[in-house]
**Student:** 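Pasting a structure below so you can have a look.
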Amino acid sequence: MTEDGKRPAAAPLPQEASAAAIPPPCLLVIFGASGDLTKRKLVPALFGLFREKLLPEGFAVLGVSRTPYPDDAFRDHLRDGIRDLQPEKFDPASWDAFAKRLYYQPGDIGDPESTKALAARIRAVAKDRGIPGNLIFYASVAPKFYDPLIRRIGEAGLAAASEDLPGYRRVVIEKPFGRDLASARELTKVVSGVFREDQVYRIDHYLGKETVQNILVFRFGNEIFEPIWNRNYIDHVQITVAETLGVESRGDYYEEAGAVRDMIQNHLLQLLALVAMEPPISLSAEDVRDEKVKLLRSLDPIPDEAVGEVCVRGQYTTGEVGGQRVASYRQEKNVSPGSLTETYTALKLSIDNWRWGGVPFYLRTGKRLARGVSEIAIRFRPVPYLLFGDTACGQLESNVLVLNIQPEEGIFLKVGAKSPGPSICVKPVEFQFTYERAFGAKSQPAYGRLLLDAMLGDATLFPRDDTVRISWSLLGPLLSRWEENPGRDLFFYPAGSLGPREADKILGREGRQWRIP
Ligand code: BG6
């Protein structure tokens, strides 16, 4: 509060703050740089920031991994990646200017000698590019290497500012943050032995998507929705992240993860937190994250005896997606032929608080489904009495508000309207807002926004340690039930379908249906 008892003016939206702000010089050290993430996501996103002139003059990437490339081969490998992925956005002159900022150092995390060599290379690159200090370490390695990697950074003295390399130190960690509560705690212990929590940026790329950031703006920047955003008006909420893709080349990772660890523990619970949390007192990182934590703590634990009713898992078999015949999960590379890993999960959650008591939240995610779509659908209660029940034109549908994250990127509100003609006939029609139509462009890749925020020191869009722990405690009972009995609650579905039929029962028992996106 200010002295006159009024609340201080709201902090500027992170979007506005960072859209204009150019971060201070920094060196981004990416561990696991020969992997897919660097080529497909990180470097294209950085190149996008470079083209939009959002990177500081003193900026460089130092890629580290075991593959022995010279700098030039690393640059060519990344250039080919961008050219293949976004041929329309590739322009050789900008690439050449950007590529000068890319360096490579072969190294093995387990070998202290190679860490010494890395420390020397960091200093050399910083000098070469006129970067006076500020280091961000990006852990894009398999989770089993997080522990040795963080320890080595600490042991090599790289986690603290030094006379020749002053400024901040930050570490960006890719999910999964552990594989259960115990391992997440263990990881936190290792990380916090080297970095303070405010130096740690756990990346959940869903939070960098424009439409996900718009959830808070939509809810709290408009007068008309918040008064009805509660159990008095909302019947239930469905959160869907459906993919047409299979596990691609990540069979070994996915076998260990499955849909719950890969998607629900992070992306879907984050979406749920944003759609259901109370308004934060400001848009500062801590205030927003405090509200998310409060919401996640209000989720009812799932009792063991109810798991079979509220949760269904699935795995894809062969089928057809987009007119192409595709293999079953068990036939994918690096997947066991008898695998019982889930590639689909549907789950009902309940929030035990004043706003949401009695409103079910249904979550589902899966690979190799009929259509790729990520959306949050809010279904309102039916109108109080059926004034139009006897009309010839069928049932009146209740209103649905759809926050579409992808592919349409927009918001759609379904309402009933009288269709033209002499009789009263109510038909569903849609109000539509799409980013493309309203702002004329598709939004920027999520990784660009998040990398920029990490450089600016804005952690609002990065899950905090407590959020991670709460998600694991919620999902722990499910995960241990399946570890004890791996085939439990697992049903097969053909690739290209809507998922296992059994998932319909979760809603069917309550007289509801999944939306067909
Ligand atoms: C990643 C998961 O976090 O998100 C992948 O590991 C998944 O399995 C991906 O395919 C989905 O992200 P997007 O942005 O394509 O919806």
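Counting convention: from 1, in listed order, for ligands and their atoms alike. Just so you know, these numbers use all the heavy atoms, side chains as well, and skip hydrogens, waters and symmetry mates.
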**Student:** Considering both backbone and side-chain atoms of Lys367, is one of its nitrogen or oxygen atoms within less than 3.5 Å of a nitrogen or oxygen in ligand 1?
**Tutor:** yes
**Student:** For ligand 1, which atoms sit closer than 4.0 Å to a heavy atom of Tyr206?
**Tutor:** 12 (O), 13 (P), 14 (O), 16 (O)
**Student:** For the residue pair Gln432 / Arg437, report whether a side-chain donor-acceptor contact shorter than 3.5 Å exists.
**Tutor:** yes
**Student:** So is Arg83 actually on top of Phe90's ring, under 6.0 Å and inside 45° of the axis?
**Tutor:** yes
**Student:** Give the atoms of ligand 1, by number and element, whose distance to some non-hydrogen atom of His267 is under 4.0 Å.
**Tutor:** 1 (C), 3 (O), 4 (O)
**Student:** Please say whether the positively charged group of Arg170, taken as NZ for Lys or CZ for Arg, lies over the ring of Tyr168, i.e. under 6.0 angstrom from the six-membered ring centre and within 45 degrees of the axis.
**Tutor:** yes
**Student:** Just by distance, with hydrogens left out, do Glu174 and Ser140 show a side-chain donor and acceptor under 3.5 Å apart?
**Tutor:** no
**Student:** Looking at Gln406, which atoms of ligand 1 are within less than 4.0 Å of one of its heavy atoms?
**Tutor:** 13 (P), 16 (O)
**Student:** Does the residue Leu245 have a heavy-atom contact with ligand 1, meaning some pair of atoms that are separated by less than 4.0 Å?
**Tutor:** no
**Student:** Distance to the ring centre below 6.0 angstrom and angle to the axis at most 45 degrees; does that hold for Arg330 and Tyr316?
**Tutor:** no
**Student:** Check each of Glu174, Arg250, Met263, Lys175 against atom 5 (C) of ligand 1 and report the one with the nearest heavy atom.
**Tutor:** Arg250
**Student:** Quick one: look up the protein heavy atom nearest atom 11 (C) of ligand 1 and list residue, atom name and how far away it is.
**Tutor:** Glu243 OE1, 3.7 Å
**Student:** Atom 4 (O) of ligand 1: which protein heavy atom is closest, and how many Å away?
**Tutor:** His205 CE1, 3.3 Å
